[in-house]
Number of protein chains: 2
Amino acid sequence: SFCLLFFVCFFTVKCTCLELETRFPADAPQGSLWPLPQKVQTSEASFKLSGSTFAIVDAKRSSAGPSCALLQDAYTRYYNYMFGSAGSQWLRQIRRSGVSELTELQVWITSTDPECDAYPGVTSDESYELTVDQPHAVLKAPKVWGALHGLETFSQLLYEDEYGAKIINATSISDFPRFAHRGILLDTSRHFLPISTILANLEVMAMNKINVFHWHIVDDTSFPYQSRTFPQLSQKGAYHPYTHVYTPTDVKMVIEFARLRGIRVIPEFDTPGHTQSWGKGQLDLLTPCFSSTKPSGTFGPVNPILNTTYQFMTQFFKEVSTVFPDAYVHLGGDEVDFTCWKSNPDVQNFMDQQGFGQDYKKLESFYIQRLLDIVTTTQKGYMIWQEVFDNGVKLKPDTVIHVWKGNQEQYQSEMANITSAGYQTLLSTPWYLNRISYGQDWQGHYRADPQDFKGTDEQKKLVIGGEACLWGEYVDGTNLTPRLWPRASAVAERLWSAMNVTDLSDAFQRLSAHRCRMVERGIPAEPLFSSYCPSEYKHL
Amino acid sequence: SFCLLFFVCFFTVKCTCLELETRFPADAPQGSLWPLPQKVQTSEASFKLSGSTFAIVDAKRSSAGPSCALLQDAYTRYYNYMFGSAGSQWLRQIRRSGVSELTELQVWITSTDPECDAYPGVTSDESYELTVDQPHAVLKAPKVWGALHGLETFSQLLYEDEYGAKIINATSISDFPRFAHRGILLDTSRHFLPISTILANLEVMAMNKINVFHWHIVDDTSFPYQSRTFPQLSQKGAYHPYTHVYTPTDVKMVIEFARLRGIRVIPEFDTPGHTQSWGKGQLDLLTPCFSSTKPSGTFGPVNPILNTTYQFMTQFFKEVSTVFPDAYVHLGGDEVDFTCWKSNPDVQNFMDQQGFGQDYKKLESFYIQRLLDIVTTTQKGYMIWQEVFDNGVKLKPDTVIHVWKGNQEQYQSEMANITSAGYQTLLSTPWYLNRISYGQDWQGHYRADPQDFKGTDEQKKLVIGGEACLWGEYVDGTNLTPRLWPRASAVAERLWSAMNVTDLSDAFQRLSAHRCRMVERGIPAEPLFSSYCPSEYKHL
């Protein structure tokens with residue numbers, strides 16, 4: 001068959017042209033690609049690969065060389081994924097007659113600046129082109145970010161024949177993400193997540209072409225972020241001041257580990273609500289609640305009427321802006337409970353002075369407005385939860401508004417409103433992975449589409465992507481990884497692959513294979529349904 | 001204070017008498033006992049323990065000596081639980097002045113036959129008495145089964161002081177289970193569970209005083225049981241004939257590992273439904289389904305009209321009766337779909353001959369009746385799912401009927417009916433742990449009580465216990481352990497502790513501590529809610 005959309009068939013044996021709408025046979029090697037690339041053309045011509053001869057090398061014309069540690073590191077990582085499993089070590093020696101060998105994957109960074117030492121961002125070029133053919137496979141990408149994705153795709157093309165030999169079919173792939181922002185939110189406040197858990201999940205994010213780690217680092221329950229400026233915040237607010245904190249070194253390590261995998265780290269410091277743990281180490285930061293005429297001893301949201309509050313926030317976010325290199329910081333702004341503010345006579349006086357009447361949303365907006373001004377001085381862009389937009393706070397034009405509330409109808413109309421006001425937006429409502437059931441949750445996650453609302457093409461372009469959220473009430477190092485994967489993989493494909501990649505039955509086949517691949521790479525990704533993997537997860 | 005219900009206070013410092021209705025302070029060392037013993041008396045007098053001097057030894061008067069491998073093995077296991085954690089190794093050397101040391105736990109088996117080499121059974125004596133005092137602690141039990149439980153309780157009494165030294169308070173405990181049958185069902189058909197996963201969970205069952213592993217070993221989806229008589233059953237019916245089977249050696253290992261922990265292994269070979277995988281290796285065992293007048297190529301339940309079926313079952317259950325030493329085998333009998341039987345003309349003829357009319361329940365009963373007769377000849381007792389009772393099959397008086405269907409009202413009336421007919425029963429309906437939600441599932445499991453139905457005292461005595469079931473559609477080695485624990489612990493306490501141990505808030509405190517202890521012992525038991533453990537689970 002002849003392929004209209006993409007490369008002509010240049011393989012000798014038999015050429016199958018697989019467009020986006022074509023389903024891969026369940027047992028085809030291409031049947032495990034996840035997320036599905038934009039354009040794939042494959043052939044039955046196949047090559048064998050041997051761990052002792054195969055190498056991933058810089059192409060001669062590549063603008064990235066041996067000094068590009070990010071790529072060299074990735075070559076090692078992917079070599080290990082492909083050849084590192086001890087189980088089939090000896091089988092690799094078996095040679096199939098009549099099958100030629102592929103000995104090289106050449107990685108060719110085409111733009112003058114490969115961005116080896118840069119941080120990925122929302123405008124980073126993540127595209128790549130991959131050609132698997134004799135005499136060697138070539139991975140072309142303008143920047144290292146695309147090369148990382150191409151390496152993952154290349155590794156996904158490998159399969160084992162009946163003798164356990166590694167095989168790859170002649171293939172051409174042209175790929176790029178549908179959305180620039182493909183994130184996962186992890187919550188390290190309700191439960192402290194060990195660094196090992198965070199790093200392992202960054203590893204899995206890369207396997208799924210997720211490019212944002214939204215680090216919901218602190219909340220009511222605990223404050224594990226160790227601040228250099230205000231060390232008492234974690235000293236008093238963490239579950240334990242030494243064993244349950246992220247030191248500056250930890251944070252640096254997470255950021256660099258993520259960068260090497262093309263993943264941005266966007267920290268969230270949610271205020272004025274969700275801040276109980278802040279109050280333990282920072283006196284007078286939270287609003288004292290009153291019971292009739294006396295302070296009750298409990299505290300509410302951040303106190304918006306004191307100058308000291310804004311002085312603190314200025315210093316704190318100045319630190320945050322230097323610790324986290326990403327161009328954005330998430331400022332939260334969700335679920336502010338007005339009960340405590342209402343009870344406090346000083347707050348009531350302030351409301352009167354400002355002419356807010358009894359409209360506490362105005363007080364909330366007053367606080368947020370000043371916070372946004374503070375953060376703007378740090379040269380950071382900001383993301384905020386949808387309430388801030390809903391309450392009419394004045395926002396910078398480049399603000400990203402994060403939608404998380406309501407049912408389908410409600411979030412779709414919210415997306416329409418936000419984009420019609422000209423703001424960029426990000427969807428999470430259908431992807432609250434903390435919600436679980438006895439069933440195939442992933443299908444619902446897979447069906448949701450962030451551009452599925454009534455709006456113009458201009459409006460749709462303002463949707464920069466989405467995030468799967470795994471809130472931490474019921475997860476920690478014991479169960480987070482299997483609960484997140486492969487359910488988050490469904491979101492990863494929705495955000496990467498073409499809009500019309502929606503066939504649930506094809507997705508089931510590919511995702512099942514992808515989950516077994518994650519298991520083979522040592523990740524306890526849970527099953528989709530009754531099934532088995534060639535090599536089961538045997539650890540605890 | 002003086003303790004009316006139990007031992008007088010014989011400690012010098014201060015004596016607190018804790019009856020069943022008394023809640024332990026959240027931070028008290030006794031606040032981590034799970035399941036709660038029947039009677040606990042504790043004192044503030046405390047002793048230190050040192051790994052280098054402490055020993056668990058046979059009491060001089062014990063009927064079990066060094067040749068009782070089960071106990072020797074348990075001494076090692078519990079020594080390691082108590083002193084094996086590398087983290088606090090060096091701290092143990094620190095001596096507290098003025099605190100005397102406890103150097104021995106003497107284990108005294110009091111009956112003439114300790115049952116060292118026996119298998120546990122439904123009538124096994126599991127009681128024990130534990131006294132922690134100077135000059136040594138004494139654990140008295142009629143049989144080894146009680147001693148195993150007492151060792152677990154002793155290990156739960158240990159805590160660390162501010163210097164990391166191991167401390168135990170003077171304590172007296174008298175304990176025995178409320179119900180004789182406290183089980184967990186694991187399903188190795190929908191997903192194959194690696195032996196390592198099964199053994200690890202047997203280990204955790206022992207930590208929770210669970211004494212039955214109900215091994216739902218085969219089902220529609222796969223047949224991993226390797227039969228010596230019919231090897232083709234797993235050869236054709238397993239997910240993979242070599243990597244996804246339980247060999248005779250595997251099965252022996254599971255049974256012995258369980259025995260050493262006081263756990264019975266009851267296999268379930270469910271028929272006539274749930275048998276699709278059986279049909280792959282055993283021709284003519286299943287009923288051919290018809291589409292209009294022709295066989296459709298699909299198969300239904302076991303074919304009840306052929307003599308060959310009963311010949312097969314005779315041989316098969318003869319093997320099962322020798323492989324599994326327990327006095328009971330579970331025969332299933334649930335969810336028989338009549339569609340295929342109805343479609344088959346030979347079955348219809350048979351119905352006519354037998355005078356069953358169109359009542360396929362009579363055909364089902366006909367099959368089950370013959371199966372029960374077959375199993376009776378193997379000298380085994382049997383357990384069956386409630387449908388077999390509901391359909392009026394004639395049962396041996398010692399049959400155990402397993403309730404799994406309906407809402408609370410329905411299962412309570414089922415329990416009333418079964419016991420009023422004089423049969424023993426077992427509850428599982430409220431304990432289907434495969435059902436999950438974004439919430440504290442354990443509370444519902446904890447509230448359910450198998451004797452909570454309208455009936456006489458005689459009827460209530462026929463309730464031998466219950467089982468938590470974790471059906472396998474969505475669990476395998478990647479996620480089974482955290483999904484099972486500590487939710488199954490809630491069931492474990494309901495089945496062990498006194499009926500009036502129902503305080504949710506006290507249970508939350510103790511269960512939180514118990515789950516952190518499981519984590520410390522290397523088990524990924526998931527959190528109950530926002531919280532932390534002193535030492536978090538750091539593996540994947």
Side-chain angles (χ1 to χ4, degrees), chain A residues 187 189-197 200-201 203-204 219-222 224 238-240 243-244 432-441 471-483 485 515 518-519 522-540, chain B residues 187 189-197 200-201 203-204 219-222 224 238-240 243-244 432-441 471-483 485 515 518-519 522-540:
Chain A
D187 166 4
S189 173
R190 289 173 179 88
H191 286 98
F192 178 81
L193 298 179
I195 287 289
S196 58
T197 302
N201 280 279
E203 197 88 287
V204 197
D219 204 299
D220 282 330
T221 37
S222 78
Y239 280 132
H240 187 285
T243 60
H244 288 64
Y432 264 41
L433 302 189
N434 41 292
R435 298 205 185 106
I436 53 174
S437 77
Y438 177 43
Q440 295 204 40
D441 296 338
W471 295 100
E473 287 90 346
Y474 301 103
V475 288
D476 66 4
T478 63
N479 64 345
L480 181 138
T481 307
R483 189 156 298 180
W485 308 103
R515 111 77 194 179
M518 291 191 275
V519 167
I523 305 299
E526 68 179 22
L528 295 174
F529 194 59
S530 303
S531 62
Y532 74 106
C533 291
S535 177
E536 300 289 354
Y537 190 81
K538 292 191 178 69
H539 318 280
L540 258 198
Chain B
D187 167 4
S189 173
R190 289 174 178 87
H191 286 97
F192 179 81
L193 297 179
I195 287 289
S196 58
T197 302
N201 280 278
E203 197 87 286
V204 197
D219 205 298
D220 282 331
T221 37
S222 77
Y239 280 131
H240 187 285
T243 59
H244 288 64
Y432 265 41
L433 302 189
N434 41 293
R435 299 205 186 108
I436 52 173
S437 76
Y438 177 42
Q440 295 205 39
D441 296 338
W471 295 100
E473 288 90 346
Y474 301 103
V475 289
D476 67 5
T478 62
N479 63 345
L480 181 138
T481 307
R483 190 157 297 180
W485 308 102
R515 106 85 190 178
M518 292 191 276
V519 168
I523 305 299
E526 68 180 23
L528 295 175
F529 194 58
S530 303
S531 63
Y532 75 105
C533 290
S535 177
E536 300 288 354
Y537 190 79
K538 291 191 179 70
H539 318 281
L540 261 197

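Naming convention: chains lettered A, B, ... in sequence-line order (proteins, then strands); numbering from 1 in each chain.
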Closest approach of B:P534 to A:T243 (non-hydrogen atoms, all atoms of both residues): O-OG1, 4.3 Å
Choice from A:H244, A:H240, A:E536 maximising heavy atom contacts with chain B below 4.5 Å: A:H244
B:Y239: what forms a ring-ring contact (aromatic ring centres under 6.0 Å, His included) with it, not counting sequence neighbours? A:Y532
Which portion of A:P194 sits near chain B, non-hydrogen atoms under 4.5 angstrom: side chain
Nearest heavy atoms of B:E526 and A:T478, plus distance in Å: CA-OG1, 3.2 Å
Any donor-acceptor pair under 3.5 Å from B:H539 side chain to A:G477 backbone: no
Taking atom OG of A:S530 and atom CZ of B:F192, what is their separation to the nearest 0.5 Å? 15.0 Å
Quick one: do the B:Y474 and A:Q440 side chains pair a donor with an acceptor below 3.5 Å? no
Find the one option among B:T197, B:I195, B:N434 whose heavy-atom pairs under 4.5 Å with chain A are most numerous. B:N434
So what's closer than 4.5 Å to chain B heavy atoms on A:L480: side chain, backbone, both or neither? neither
Considering only heavy atoms and a distance below 4.5 Å, find which of B:I436, B:D187, B:N201 pairs most often with chain A. B:I436
Does any heavy atom of chain B fall under 4.5 Å from the side chain of A:T481, the backbone, both, or neither of them? side chain
If you count heavy-atom pairs under 4.5 Å between each of B:P527, B:C533, B:P524 and chain A, which one has the most? B:P527
Ignoring hydrogens and geometry beyond distance, is a side-chain donor-acceptor pair present between B:S531 and A:H191 at under 3.5 Å? yes
Under a 4.0 Å N-O cut-off, is there an ion pair linking B:K538 with A:D476? no
Between A:G472, A:G522, A:S437, the one whose heavy-atom pairs under 4.5 Å with chain B are most numerous: A:S437
Given side-chain contact (heavy atoms from CB on, under 4.5 Å), test A:Y438 with B:Y432 step by step and report yes or no. CA-CA 10 Å; A:Y438 177 43; B:Y432 265 41; over 6 Å; no
Residue, of B:A200, B:A525, B:S222, that accumulates the most heavy atom pairs under 4.5 Å with chain A: B:A525
